[in-house]
Visitor: 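Questions regarding the structure given below will be posed in turn.
Here the structure is a predicted model, which means the values were calculated and not measured. Just so it is clear: chains get the letters A, B, ... in the order the sequence lines come, proteins before strands, and each one is counted from 1.
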Protein chains: 2
Amino acid sequence: MQNPTLKERNKISEDLLKRHKLKITSPRLRVLSTISEKETATSQPELEKILGDTVDRVTLYRVLNVFEEKGILHKILDLNGTATYALCSEYCPEHIHQEEHVHFTCSSCNSIYCLNDVQIPEIVTPLGFKIQSVAINAVGTCNKCP
Amino acid sequence: MQNPTLKERNKISEDLLKRHKLKITSPRLRVLSTISEKETATSQPELEKILGDTVDRVTLYRVLNVFEEKGILHKILDLNGTATYALCSEYCPEHIHQEEHVHFTCSSCNSIYCLNDVQIPEIVTPLGFKIQSVAINAVGTCNKCP
DNA sequence: TTAAGTGCAAAATCTTTGCAAATGT
DNA sequence: ACATTTGCAAAGATTTTGCACTTAA
């Protein structure tokens with residue numbers, strides 16, 4: 001199931017909304033469609049620009065918040081602290097439920113990739129520090145940039 | 001040189017400013033003093049609250065920016081994307097010039113620690129992804145929280 | 001039908017900019 | 001003395017809130 005068509009993506013999005021008991025509305029479908037179109041994470045300003053007049057800015061805030069709460073999207077802060085969103089992995093065709101994964105930020109094109117296949121290494125902390133989760137962001141140049 | 005007194009901290013701060021060819025001013029000393037008092041990183045809102053009327057909010061923005069540019073402070077974004085600042089390691093008594101280090105965020109007290117002694121593991125990225133730096137933030141409970 | 005979701009207006013924050021006055025060297 | 005730095009005012013940007021209207025189920 002590579003490169004699903006718009007119709008296929010919409011079907012998947014509708015299922016996703018149903019599964020989380022959210023109503024199927026135009027703003028939500030547009031947001032999901034936009035985000036799932038790209039391989040890399042999508043920043044909120046980017047979404048605003050793409051969606052333009054079709055989705056109100058306030059609605060976008062609210063849609064992104066519900067999606068994050070429900071675990072449909074996860075938020076990544078880019079190097080400037082800008083909120084950037086990517087689909088959670090349960091949405092992936094492979095159904096890998098690996099919420100923790102390494103992010104890769106390309107300093108050339110600013111894209112953020114979720115590297116689901118990269119192993120998260122063990123971090124050894126000082127005595128008394130108990131780790132619940134580890135966020136790793138590798139910065140460099142991606143495979144599309146020279 | 002543990003727990004330096006206020007006077008000692010001010011001396012260190014003045015040297016630090018001189019070394020970076022910055023004028024020694026009251027706002028700059030206050031900011032450095034406040035940040036160096038704590039073991040953990042200090043958020044900008046926290047600084048605003050502590051400095052109160054003694055330093056203008058706009059001045060604080062500018063002071064933090066120069067300090068970051070000059071490599072006196074480094075900025076860490078906390079889990080909410082709030083800018084949080086810690087002294088760069090050259091400032092440490094040991095003179096370890098290790099700019100990359102693991103951060104630890106306590107989800108209980110929200111403190112951010114710079115773990116200079118924790119080894120940064122190797123991250124193996126997919127073909128074509130070239131890593132320049134790796135940011136690691138471990139989230140959990142610190143040694144002061146239950 | 002009706003609870004949930006949206007859009008608009010407006011408030012509350014956060015961040016930047018311009019400029020005159022103050023200050024460190 | 002003079003370039004830097006500060007503080008204030010004001011603009012710009014971002015995020016949140018309240019409420020009436022719309023829409024999916």
Side-chain angles (χ1 to χ4, degrees), chain A residues 10-35 42-73 75-85 110, chain B residues 10-35 42-73 75-85 110:
Chain A
N10 268 335
K11 178 67 174 61
I12 297 175
S13 297
E14 291 187 12
D15 287 349
L16 195 51
L17 291 173
K18 275 182 196 155
R19 220 180 316 145
H20 288 93
K21 304 198 193 312
L22 293 173
K23 289 191 178 170
I24 296 167
T25 66
S26 160
R28 289 175 177 167
L29 288 178
R30 284 176 198 275
V31 168
L32 286 179
S33 176
T34 306
I35 291 179
T42 313
S43 73
Q44 187 156 354
E46 218 171 329
L47 281 169
E48 281 176 21
K49 210 173 57 189
I50 295 171
L51 298 171
D53 286 340
T54 63
V55 177
D56 184 77
R57 180 197 286 260
V58 174
T59 301
L60 179 57
Y61 273 100
R62 293 194 267 227
V63 166
L64 292 173
N65 281 342
V66 221
F67 283 0
E68 203 194 350
E69 284 164 16
K70 296 279 183 176
I72 294 173
L73 297 179
K75 190 202 279 190
I76 313 148
L77 297 174
D78 78 2
L79 299 177
N80 306 308
T82 305
T84 299
Y85 294 88
N110 273 307
Chain B
N10 268 335
K11 178 70 175 61
I12 296 174
S13 297
E14 291 187 11
D15 287 350
L16 194 53
L17 290 174
K18 277 183 195 155
R19 220 179 316 145
H20 288 92
K21 304 198 192 314
L22 293 174
K23 290 192 177 169
I24 295 166
T25 67
S26 160
R28 288 175 178 167
L29 287 178
R30 284 177 197 275
V31 168
L32 286 180
S33 177
T34 306
I35 291 179
T42 313
S43 73
Q44 187 157 352
E46 217 171 328
L47 281 168
E48 281 176 21
K49 210 172 57 187
I50 295 171
L51 298 170
D53 286 340
T54 64
V55 177
D56 184 77
R57 180 197 287 257
V58 173
T59 302
L60 179 58
Y61 273 101
R62 292 193 269 228
V63 166
L64 292 173
N65 281 343
V66 219
F67 284 180
E68 202 194 351
E69 283 164 17
K70 295 279 183 178
I72 295 173
L73 298 179
K75 191 201 279 190
I76 312 147
L77 297 175
D78 78 2
L79 300 177
N80 306 307
T82 305
T84 300
Y85 294 89
N110 272 307

Visitor: Does a side-chain heavy-atom distance below 4.5 Å link A:Leu51 with A:Thr54?
Guide: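 In contact.
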Visitor: What are the two closest non-hydrogen atoms of B:Pro45 and B:Ala83, and how far apart are they?
Guide: CD-O, 4.4 Å
Visitor: Please list all pairs meeting salt bridge (charged side-chain N to carboxylate O under 4.0 Å, His left out) that have one or both residues in residues 42-60 of chain A, counting only residues at least two apart or in different chains.
Guide: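 Every pair satisfying salt bridge (charged side-chain N to carboxylate O under 4.0 Å, His left out) with a residue in residues 42-60 of chain A: A:Lys38-A:Glu46, A:Glu48-A:Arg57.
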Visitor: Side chains of B:Val63 and B:Thr25: closer than 4.5 Å at any heavy-atom pair?
Guide: no
Visitor: Hey, what bend do you get for the helix from C:dT1-D:dA25 to C:dT25-D:dA1 if you fit axes on five pairs at each end, rounded to 10°?
Guide: 40°
Visitor: Dump the pairs, protein N or O against N or O of nucleotides 4-9 of chain C, anything under 3.5 Å, distances to one decimal.
Guide:
unit_1, atom_1, unit_2, atom_2, d
C:dA4, O4', A:Lys23, NZ, 3.1
C:dG5, OP1, A:Arg28, NH1, 2.8
C:dG5, OP1, A:Arg28, NH2, 3.0
C:dG5, O5', A:Arg28, NH2, 3.3
C:dT6, OP1, A:Thr25, OG1, 2.7
C:dG7, OP2, A:Asp56, N, 3.4
C:dG7, OP2, A:Thr59, OG1, 2.9
C:dG7, N7, A:Arg62, NH2, 3.0
C:dG7, O6, A:Arg62, NH2, 2.7

Visitor: For a 4.5 angstrom cut-off between non-hydrogen side-chain atoms, does B:His20 reach B:Phe67?
Guide: no
Visitor: Measure the shortest side-chain to side-chain distance between B:Leu17 and B:Leu29 over non-hydrogen atoms and say whether it is less than 4.5 angstrom.
Guide: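 In short, these two side chains touch, coming nearer than 4.5 Å.
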Visitor: Just the table, please: protein N/O against nucleotides 11-13 of chain C N/O, every pair under 3.5 Å.
Guide:
none

Visitor: Which sits closer to the 5' end of DNA chain C, B:Arg57 or B:Ile24, going by the nucleotide each is nearest to?
Guide: B:Arg57
Visitor: Find the distance B:Glu14:CD to C:dT25:C1' and express it as a whole number of Å.
Guide: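 My rounded result for the distance is 13 Å.
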Visitor: With sequence neighbours left out, what residues match B:Arg62 under salt bridge (charged side-chain N to carboxylate O under 4.0 Å, His left out)?
Guide: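 Residues passing salt bridge (charged side-chain N to carboxylate O under 4.0 Å, His left out) with B:Arg62: none at all.
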Visitor: Quick one: does A:Asp78's side chain get under 4.5 Å of A:Asn110's, heavy atoms only?
Guide: no
Visitor: Are B:Lys11 and B:Asp15 ion-paired here, with the side-chain N under 4.0 Å from a carboxylate O?
Guide: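 Salt bridge between B:Lys11 and B:Asp15, a charged N being under 4.0 Å from a carboxylate O: yes.
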Visitor: Is B:Ile35 close to B:Leu47 at the side-chain level, that is, under 4.5 Å between some pair of heavy atoms?
Guide: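 The answer is yes; the side chains approach within 4.5 Å.
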Visitor: Which nucleotide span of DNA chain D, 5' end to 3' end, has atoms closer than 4.0 Å to non-hydrogen atoms of chain B?
Guide: D:dA3 to D:dA9
